[in-house]
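Note that the coordinates shown come from a computational prediction; the quantities given were computed from them, not determined experimentally. Just so you know, these numbers use all the heavy atoms, side chains as well, and skip hydrogens, waters and symmetry mates. Whatever order the structure lists ligands and atoms in, that order sets their numbers, starting from 1. The residues of the chain are indexed from 1 along the displayed sequence.
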Amino acid sequence: MEQFKGKSILKGIAIGRILFYSKNQQQVKREKIADVEQETARYDKAKAVAIEQLGALYDKAFAEVGETNAMIFKVHAMMLEDEDYNDSVYNIIRNDGVNAEYAVATTGDNFAMMFAQMEDEYFKARAADVKDISERVIGALQGRSSDGSLGEEPVIVVAEDLAPSETVQMDKSKLLAFVTRLGSSNSHTAILARTMNIPALIGIEIHEEWNGKMAVVDGRDGTLYVDPDISVLERFMEEKKKEEEAKELLQALKGQPDVTLDGHSVKLYANIGSVADVAAVLANDAAGIGLFRSEFLYLEKDHYPTEEEQFQVYKTVAQNMAGKKVIIRTLDIGADKQVDYFEMEHEENPAMGYRAIRICLDQIEVFKTQLRALYRASAYGTISIMFPMIISVKEVQEIKRIVEEVKAQLTADGIEFGEVELGIMIETPAAVMISDLLAKEVDFFSIGTNDLTQYTLAIDRQNPKLDSIYDAHHTAVLRMIEMVIENGHKGNCWVGICGELGADITLTEKFVKMGLDELSVSPSFVLPIRKKIREMRFK
Ligand code: PEP
Ligand code: MG
């Protein structure tokens, strides 16, 4: 037995034989041709075939993983119509007098390299898409069909890398897991793997000799076992059985409303940290996104993310959620989340220090850049904005003043934006105690129980020594939650919880009975909580 560690894209266990998947390596030779116009016409014809294939793939993906995820094939078709891409192919054919295959391969490589060098993660990930469309056209030029058949038995597909089109063409019923050496968690392949609910590992050094061998993929800790010992195999078979029984029961809840036996509705949303997480939100059928921790965008960069970089991310999330509510929290750095380029001074007590909204109200331009990006993205979906670490009414009034300035500037610039609900996180005891006053200022409250517990109990949430007494069930915390709900409702605010306590199934009934309007949890907790809500009575 051999054991390898990689990065897991989706939790879950898969057991089966490995299929080593190697692309039809497209051998493209440079050939001189006499009639360049005939060659450009050959290219046009192949392009039309490729676009037709993409149309069929779109329909297949639409049926299997929904419109939003199928969009990638529309995007690929659009990329093939791109003027720069086509001009490059025509120029190479005409100027160098070479075959269309070579012109397409060169164009694909050049464009992919250009995308790969861009700083923005989203654009970087597009390099794979350009390669994918180029290979498709070359396939059409060479008269090869794109066939993702996997054979009779379900398999664990092991590959160097997988393009989105290859992923979706694979027969889902024959697919147990993906293991790749390359690939990023932002790629559409990873998104598709999550959406298809298929365990996937990336970053594993793969070997062709594995083909046909038995293997176990443990997506919970990112381990691949090749040729597992019989005892390991038996253990995983048992665990898989349990996992499947639990999953099976939950699947029936997809599409079901989050409503108690006596008809009381609760909004059940999901928490995300990046665009890539949206697939899990959709796969788990959350009704919206209750917390997008935007600071991860800042943490993964070595520079302040530009307005445009942020806009692209927020817009993508809003579009992928197709009109469902997306609550984006403004930058919440400081404490455990340090960002080098902010050059923050060392603090004795960073959890109570220069962090979150305090930084934004101090570095107004950083704040305004984010607000502009958020408002611009609001034209593409249903975006709400919430602000972290609030302690006073004055702060909220100041935020609202800045928001108005940003909106006025956008209007002056002729940029459209949508209706945006404004809310605040209730995660300090101060905010709890003045929640009646705060409710008059905003549209909603989202209770951040992680920090609220830390500040209420005076226990640093980062300190492992205090872990055993960090008790989010503490009566003080629960009373605060109740108080916030009551004050919020009196002031016409809806109230939710987006801290980890929201996913604590032992408290779901209590929260719903308190009158909580929304729970936002990690995507994989959505269906278990839906089950709980649907089994309880409100009164
Ligand atoms: C919280 O404090 O409960 C919360 C949701 O925010 P974070 O965990 O990101 O601090
Ligand atoms: Mg917090």
Any nitrogen or oxygen of Glu500 lying under 3.5 Å from a nitrogen or oxygen in ligand 1? Just yes or no. no
Would you please test Tyr304 and Tyr341 for ring-ring contact (aromatic ring centres under 6.0 Å, His included) and show each step? CA-CA 7 Å; Tyr304 290 97; Tyr341 55 86; 4.8 Å; yes
Any carboxylate oxygen within less than 4.0 angstrom of a Lys/Arg side-chain nitrogen, looking at Asp258 and Arg534? no
Heavy-atom contact check, 4.0 Å cutoff: does Arg329 meet ligand 1? yes
Keeping Glu441 on the side-chain end and Val396 on the backbone end, is there a donor-acceptor pair under 3.5 Å? no
Of all residues at least two apart in sequence or in a different chain, which pass the side chain to side chain contact (heavy atoms under 4.5 Å, CB included) check with Glu347? Pro350, Tyr354
Using a 6.0 Å distance limit plus a 45 degree cone around the ring axis, check whether Arg376 lies over the aromatic ring of Phe311. yes
Answer whether the closest heavy-atom distance between the side chains of Glu243 and Lys247 falls below 4.5 Å. yes
Side chains of Met425 and Phe387: does their closest heavy-atom pair fall under 4.5 Å? no
Do any nitrogen or oxygen atoms of Asn450 lie less than 3.5 angstrom from nitrogen or oxygen atoms of ligand 1? yes
Hey, would you say the Phe236 and Tyr225 ring centroids sit under 6.0 Å apart? yes
Is it the case that ligand 1 has an N or O less than 3.5 angstrom from some N or O of Arg293? yes
Could you enumerate the protein N, O or S atoms under 2.8 Å from the Mg ion (ligand 2), written like residue then atom name? Glu427 OE1, Asp451 OD2
For the pair Asn450 (side chain) and Glu500 (backbone), establish whether a donor and an acceptor sit closer than 3.5 Å, ignoring hydrogens and angles. yes
Give the atom numbers and elements of ligand 1 that come within less than 4.0 Å of a heavy atom of Arg461. 2 (O), 7 (P), 8 (O), 10 (O)
Show me which atoms of ligand 1 lie under 4.0 Å from any heavy atom of Gly499. 3 (O), 5 (C)
Check contact between Met425 and ligand 1, using heavy atoms of the residue and a distance below 4.0 angstrom. yes
